[in-house]
Each structure stands twice: as structure tokens, then as C-alpha cells.
Amino acid sequence: VQLQASGGGEVQAGGSLRLSCTFSESTFTVNSIGWYRQAPGKQRELVAGISRGGSTNYVNAHKDRFTISIDNAKNTVYLQMNSLKPGDTAVYYCNADKFWKSMSGIPSEYWGQGTQLTVSS
């Protein structure tokens, strides 16, 4: 499985951005994708996850501002982020799993390369 994350950049506080994660299924069928983030000096943490069937899981702190979605025809998962804050600054990674662990905060070994989001005040 290969994952390609994109869409990061620099935005001002209050702005919006959409991240994309495109995945291939060369070794197994992907059943869930999780978006994780890692801020400097902090551990990588789950932001939101989604199953192929569209079931979603959000970390409570983000559910009012972030929306995760999937386009199965394009093998792409999106993370729409609104009302961005400087505290959202991090490298964002997507993770794929053949079960449902990725979306639940238990990442597999399959990571995308990460995309940097910087939110300026």
C-alpha cells in the first residue's frame, strides 16, 4: 500500500485548507484511513478517521472544525479543516489499514510522507 498526502501549506488563523490522501491497494484492500498529525516536540496523534463505507471517527477537539470524507472511485480521503488555529500547525500524515484500526487511533505501518500545515496568527 502506498499513500500520498498533499494539500498542506501556510494559512492565516481562521482560514481553511483541504488535505488529500490518495492511496493504492497493491498489497491489501484498504478498509480505513486515519489522518494523524505531529506537532514539533509532540507525539503523533489521531485527528480523524474514516472507513471505506463512510463511517467516521473524530477526536472531540476537532469535530466541529474538521470534516473527513472519502471518494472511493478516486481512492482518496480528504480532510477539510476550517477555522484553523496556530495550534493546528503540524505535519499531517495519513495512515491506511486493512482493518479499522487506522481510523480509531491505532496506526498501521503504512504511512504517507506527511504534508506540513502552518497556521500563522
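For reference, positions follow the sequence shown, starting with 1.
In the hydrophobic clustering (ILVMFWY side chains linked at under 4.5 Å, chained through shared members), F99 is joined by W100, M103. In this structure, Y78 shares a hydrophobic cluster with no other residue, the cluster being traced through Ile, Leu, Val, Met, Phe, Trp and Tyr side chains under 4.5 angstrom apart.
Within the model, atoms OG of S121 and NZ of K85 stand 14.0 Å from one another, a figure rounded to the nearest 0.5 Å. For the atom pair S51 OG and D97 CG, the distance stands at 12.0 Å (nearest 0.5 Å).
For F66, the ring pair (Phe, Tyr, Trp, His ring centres under 6.0 Å) partners two or more places apart in sequence, or in a different chain, are H62. Not counting sequence neighbours, the partners of S16 by the side chain to side chain contact (heavy atoms under 4.5 Å, CB included) test are Q80, N82. With sequence neighbours left out, the side chain to side chain contact (heavy atoms under 4.5 Å, CB included) criterion links A96 to V1, L3, V30, I33. Remark: T76 engages T22 in a side-chain hydrogen bond (donor to acceptor under 3.5 Å, both in side chains) (not counting sequence neighbours). With sequence neighbours excluded, no residue forms a salt bridge (Lys or Arg N to Asp or Glu O under 4.0 Å) with E10. Y92 pairs by the ring pair (Phe, Tyr, Trp, His ring centres under 6.0 Å) definition with nothing, not counting sequence neighbours. For Y110, the ring pair (Phe, Tyr, Trp, His ring centres under 6.0 Å) partners are F28, not counting sequence neighbours.
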Could you give me the CA-CA distance, side-chain angles and deciding distance for N57 and I68, then say whether side-chain contact (heavy atoms from CB on, under 4.5 Å) is met? CA-CA 9 Å; N57 178 44; I68 191 169; over 6 Å; no
For M81 and V47: C-alpha separation, side-chain torsions, deciding distance, then whether side-chain contact (heavy atoms from CB on, under 4.5 Å) applies. CA-CA 11 Å; M81 302 182 290; V47 175; 5.9 Å; no
Should N75 and S24 be marked as a side-chain contact (heavy atoms from CB on, under 4.5 Å) after you check the CA-CA gap, both sets of side-chain angles, and the distance that decides it? CA-CA 7 Å; N75 276 10; S24 65; 5.9 Å; no
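Every pair passing salt bridge (Lys or Arg N to Asp or Glu O under 4.0 Å) that includes a residue from residues 30-51 is listed here, sequence neighbours excluded: R37-E45, R37-D88. Residue pairs satisfying the disulfide (SG to SG under 2.5 Å) criterion with at least one member in residues 7-111, sequence neighbours excluded, are listed as follows: C21-C94. For residues 13-36, the pairs satisfying salt bridge (Lys or Arg N to Asp or Glu O under 4.0 Å) are E25-R52, with sequence neighbours left out.
Within 6.0 Å of the CD atom in Q2, the count of heavy atoms belonging to other residues, nucleotides or ligands does not exceed 12.
Within the 3.5 Å criterion, the main-chain N or O of S102 finds a donor-acceptor partner in the side chain of Y36. Within the 3.5 Å criterion, the main-chain N or O of S108 finds a donor-acceptor partner in the side chain of N95. No side-chain donor-acceptor contact under 3.5 Å links Q38 to the backbone of A90.
Residues L84 and Y93 do not share a hydrophobic cluster, defined by chaining ILVMFWY side chains whose heavy atoms lie under 4.5 Å apart. A single hydrophobic cluster is not seen to contain both W35 and L46; linkage of ILVMFWY side chains at heavy-atom distances under 4.5 Å, directly or through other members, places them apart. Linking Ile, Leu, Val, Met, Phe, Trp and Tyr whenever their side-chain heavy atoms come within less than 4.5 Å puts V59 and V91 in one cluster.
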